[in-house]
Amino acid sequence: MDWSKSKNILIIALLITNVLLLCFYVAGQLRQGAEDDQIMEETLALLEARNIYLETEVPQVQERMAVLNVEYHQVDEERLEAALESQRALPAGEQTEEAILDACNAFADSLGLLTETTELESVVEEGDAVVVRYRNVYEGIPVEESYMVCTFRNGRVEELERQWLLPTGTGKNKREVLSAWAALIDFMSGTEGEEPIRVEGMELVYWLDPSTVSADSPVSDTAFPAWKIIYNGGLSDHVTAYRQ
C-alpha cells in the first residue's frame, strides 16, 4: 500500500471528523440558546400572570460563588463625639459639593472608617443639609445591610451613622448560584395580593439576614450570595442565591 496516499486519506478523514464535531457543537449551542429563550418567554408569561412586570434587564450572571466572612465593625462613640466637637466649620462660600465630600471623607478617615471596601454611593441635598452615603462593596459585589451616612450641615459634619460588615475573606468552597430568572420565580412565590409589582432592578449581592442579628450576635458572621430585587419605587427583597 502506498504510504503517502494512506497518509493523505488519514489527514482528510481527520479534517472531516473535526468539521463534523464543530458542526455538532455549534448546533448544540444554538439549540441550547433556543431552549433558554423559550424558558425566558415562559417565565415572563408566568410572572405577568401573577401581576409582576419587568422594567429592567435581567442579569445573565451564572457563576459559582463562595460565602463572605465578615466582622461587625463598630464606631468608637467617644472618639466620634470628640471628632464632631473638634471640627472647624467650612466657610459658607467654600461649601461646594466637592468640598463637602472631601470634608466627610476626611472626617470618616480620621476615625479609621474608610476601609478598602468603602465606596461613595450618593451625595444628595436634603433640606438644609447635604447627605453623603457610602456603601460596602467587596470585589465588585455589594455587601448588604452595610452602610455609612454622613450628614453635613452649617459648615460641618453634624452626624455620622454607620453599620458596617468588614469583609475578612471568602469561604474555601464555591457553589453554583441561581440564575436571575429562577430567583424571580422564588420571589413570585413569596408575593401575595393583586397589586401590580414592577421590578425595577436586580443585582447579585452578599446578604446577611438582619433578622438574625441581635445584641448577642458573635463578632464575626457569614454573608451569603443573594439576588436583590428592587421594585415599586425602591422597595427591595432578597432571594438566597444558592441552589438547594
Side-chain angles (χ1 to χ4, degrees), residues 61 63-87 101-124 126 129-152 156-175 177-178 183 186 190 201-230 234-242 244:
V61 178
E63 57 182 285
R64 300 177 68 86
M65 291 177 61
V67 299
L68 180 66
N69 300 316
V70 296
E71 292 181 352
Y72 297 99
H73 198 223
Q74 304 293 335
V75 178
D76 186 316
E77 293 296 334
E78 290 186 3
R79 287 188 63 199
L80 174 59
E81 289 299 323
L84 288 170
E85 292 295 329
S86 64
Q87 293 177 90
L101 178 58
D102 286 343
C104 287
N105 285 343
F107 184 84
D109 193 37
S110 71
L111 295 169
L113 303 181
L114 286 185
T115 69
E116 293 182 355
T117 61
T118 304
E119 283 192 5
L120 176 67
E121 183 174 12
S122 64
V123 181
V124 180
E126 295 185 5
V130 175
V131 179
V132 180
R133 291 183 171 84
Y134 301 84
R135 66 176 187 165
N136 193 356
V137 181
Y138 181 80
E139 296 187 351
I141 300 177
V143 182
E144 291 289 279
E145 312 302 333
S146 192
Y147 62 85
M148 181 166 65
V149 181
C150 181
T151 302
F152 188 94
R156 55 197 293 160
V157 175
E158 184 177 85
E159 181 182 2
L160 188 139
E161 180 185 0
R162 188 173 186 264
Q163 176 177 296
W164 205 257
L165 300 173
L166 185 66
T168 59
T170 57
K172 295 181 179 179
N173 299 319
K174 291 186 176 182
R175 294 173 54 186
V177 300
L178 285 175
D186 283 359
M202 289 187 72
E203 63 177 337
L204 199 57
V205 301
Y206 288 112
W207 181 57
L208 178 61
D209 187 345
S211 66
T212 66
V213 180
S214 69
D216 298 324
S217 295
V219 174
S220 60
D221 215 322
T222 304
F224 290 85
W227 283 104
K228 181 180 182 180
I229 299 174
I230 304 164
L235 298 175
S236 65
D237 200 355
H238 295 83
V239 175
T240 301
Y242 276 162
Q244 300 300 320

Asp221 versus Tyr72, side-chain donor and acceptor atoms under 3.5 Å: yes
Tyr147 and Glu121: side chain donor to acceptor below 3.5 Å: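 Not at all, the side chains of Tyr147 and Glu121 share no donor-acceptor pair under 3.5 Å.
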Are the side chains of [Y] and [X] in contact, using a 4.5 Å heavy-atom criterion?
X	Y	result
Val137	Val143	no
Trp207	Lys228	no
Phe152	Leu101	no
Met65	Leu204	yes
Asp186	Leu178	yes
Val205	His238	yes
Leu160	Thr151	no
Arg162	Leu113	yes

Can you list, pair by pair, the side-chain donor-acceptor contacts under 3.5 Å of residues 165-172, counting residues two or more places apart and other chains?
| from | atom 1 | to | atom 2 | distance (Å) |
| --- | --- | --- | --- | --- |
| Thr168 | OG1 | Asn69 | O | 3.2 |

Arg156: partners by side chain to side chain donor-acceptor pair (under 3.5 Å), with sequence neighbours left out: none
Indicate the atoms forming the closest heavy-atom contact of [X] with [Y], along with that distance.
X	Y	result
Leu208	Thr222	CD1-O, 3.2 Å
Tyr134	Leu120	CD2-CA, 4.1 Å
Arg135	Pro142	NH1-CG, 3.7 Å
Ser146	Asn136	OG-ND2, 2.9 Å
Val132	Cys104	CG2-SG, 3.8 Å
Ala241	Trp227	CB-CD1, 4.0 Å

Tyr138 and Tyr206 aromatic ring geometry - parallel, tilted or perpendicular at 30°/60° bounds: perpendicular
CD/Glu119: more than 12 non-hydrogen atoms of other groups inside 6.0 Å: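 Counting other residues, nucleotides and ligands, CD of Glu119 exceeds 12 neighbours.
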Neighbour count above 12 (heavy atom, 6.0 Å) for Glu116 CD: no
Sidechain-backbone polar pair: Arg64 side chain, Lys174 backbone, donor-acceptor under 3.5 Å: yes
Exam field: side chain Gln87 to backbone Leu84, donor-acceptor pair closer than 3.5 Å: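 Yes: the side chain of Gln87 pairs with the backbone of Leu84.
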Distance check, rounded to the nearest 0.5 Å: [X] atom [atom1] versus [Y] atom [atom2]?
X	Y	atom1	atom2	result
Glu161	Cys150	CD	SG	11.5 Å
Glu78	Leu80	CD	CG	11.0 Å
Leu114	Asn105	CG	CG	5.5 Å

Residue list, salt bridge (charged side-chain N to carboxylate O under 4.0 Å, His left out) with Glu81, at least two apart or on another chain: none
Intermediate values then yes/no, side-chain contact (heavy atoms from CB on, under 4.5 Å), Thr118 and Trp164: CA-CA 10 Å; Thr118 304; Trp164 205 257; 3.3 Å; yes
Passing candidate, side-chain contact (heavy atoms from CB on, under 4.5 Å) with Gln163, options His73, Gln74, Glu145, Met148: Glu145
Worked verdict on Val123 versus Val130 for side-chain contact (heavy atoms from CB on, under 4.5 Å): CA-CA 7 Å; Val123 181; Val130 175; 3.7 Å; yes
